[in-house]
Amino acid sequence: MNDRLSGIKQEILDGIDQLHNSKAAYEFRKQFMDNKTGKIGQLMKEMKNIAPEERANFGKGVNELKEWALQYFDELDAKMKAKEMEMRYESEKIDVTMPAAEEQTGNLHPITQTRNQIIDIFAGMGFEVFENKEIENDYYNFTALNTPKDHPARDMQDTFYLSPEYLLATQTSAAQIHAMETKELPIKILCPGKVFRSDDDATHSPMFHQMEGLVVDKKITLCDLKGMLDVFVKKIYGESTTTRLRPSYFPFTEPSVEVDVSCFECGGKGCKLCKGTGWIEILGGGIVNKKVLENCGIDSDKYSGLAFGIGIERTAMLKYGINNIKLLFESDLRVLEQVKDN
Ligand code: DAH
């Protein structure tokens with residue numbers, strides 16, 4: 001009988017060579033320890049067939065084997081699980097000193113960033129955004145803006161005509177007329193939009209963006225225009241900049257002004273950017289021509305207005321030091337990635 005017990009013990013000890021993981025060890029353990037089917041469990045059942053005088057001895061031997069096997073399998077299980085855990089740690093090891101994978105984030109196009117900044121600045125002064133149209137008719141783009149047919153000022157802008165009547169908007173100024181026709185007074189609007197002209201060189205593109213500003217109220221003067229534009233240039237080009245108004249001509253404003261910003265590169269001393277003058281031309285504006293107010297049915301004795309038109313590409317080019325307008329339309333990521341204001 002003792003041979004049988006030591007045979008089982010040897011079988012358990014020999015089994016170790018085939019046990020490659022804790023799951024195999026568990027299955028192997030079952031072959032011996034399972035109460036019903038296990039080899040040691042079976043021995044217990046045989047107790048009744050043993051001669052009574054040997055029974056006590058046999059029972060003791062089986063119990064000892066059972067206890068030994070229990071301890072043996074528990075230790076084996078613990079050892080294997082520890083080894084498996086170690087292997088898992090090894091295979092999932094992370095080197096926390098490795099540089100993190102570079103994350104690429106997109107950013108808004110420089111023109112969009114500039115447009116948003118301009119809107120933010122004027123929204124802060126109470127302006128609301130008014131939608132612009134890309135296709136206009138002759139009346140809104142020219143005639144109502146005091147530029148009737150054969151007016152020499154039509155030559156200032158090379159127009160793309162779609163038909164004798166319809167054209168691609170050459171200026172966001174057309175939105176002034178739509179706003180004055182549809183909105184209650186007083187009006188304070190900002191109108192971003194695409195405009196089109198047959199013009200193409202380093203600083204001009206056949207399609208570009210403008211931002212029209214219009215204020216119509218009682219007692220609006222050029223001082224209001226200068227005050228607002230001073231706020232605008234300080235926020236866009238720097239706190240130390242200021243504006244200068246020069247006389248100019250636009251059919252829809254009287255008086256008309258060309259607005260310069262003091263050179264933010266040299267502080268006004270004169271440099272390459274400002275061509276030695278200390279000033280950089282940035283936009284056109286003026287007091288809304290009475291004829292334009294009247295074209296829209298507004299009493300020009302009671303109300304006056306100011307208007308201005310900002311070139312968005314020009315603003316972006318000056319602000320970010322871009323010297324060719326084409327760079328804004330080529331979608332070259334090396335250029336676009338450099339303009340990240342927000
Ligand atoms: N529409 C003009 C242009 O495209 C810009 C402009 C000048 C707009 C004077 C205005 C203004 O509102 O008052 O050249």
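Whatever order the structure lists ligands and atoms in, that order sets their numbers, starting from 1.
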Pairs of nitrogen or oxygen atoms, one from ligand 1 and one from the protein, closer than 3.5 Å: please tabulate them with distances.
from, atom 1, to, atom 2, distance (Å)
ligand 1, 1 (N), Gln171, OE1, 2.9
ligand 1, 1 (N), Ser173, OG, 2.9
ligand 1, 4 (O), Arg197, NH2, 2.5
ligand 1, 4 (O), Gln210, NE2, 2.8
ligand 1, 12 (O), Gln176, NE2, 3.2
ligand 1, 12 (O), Glu212, OE2, 2.6
ligand 1, 12 (O), Phe308, N, 3.3
ligand 1, 12 (O), Phe308, O, 3.4
ligand 1, 13 (O), Ala307, O, 3.2

Is any side-chain heavy atom of Ile40 closer than 4.5 Å to one of Leu65?
yes
Glu212-Gln176 side chain donor-acceptor pair, cut-off 3.5 Å:
yes
Summary of salt bridge (charged side-chain N to carboxylate O under 4.0 Å, His left out) pairs that have at least one residue in residues 121-136, sequence neighbours excluded:
Glu128-Lys183
Give a yes or no on whether the backbone of Val257 and the side-chain of Ser248 come within a donor-acceptor separation of less than 3.5 Å.
no
Could you note down all residue pairs passing side chain to side chain donor-acceptor pair (under 3.5 Å) where residues 67-79 supplies at least one of them, sequence neighbours left out?
Arg29-Asp74, Gln71-Glu75, Asp77-Lys81
Which residue pairs satisfy the ring-ring contact (aromatic ring centres under 6.0 Å, His included) criterion with at least one member in residues 165-196, sequence neighbours excluded?
Tyr140-His178
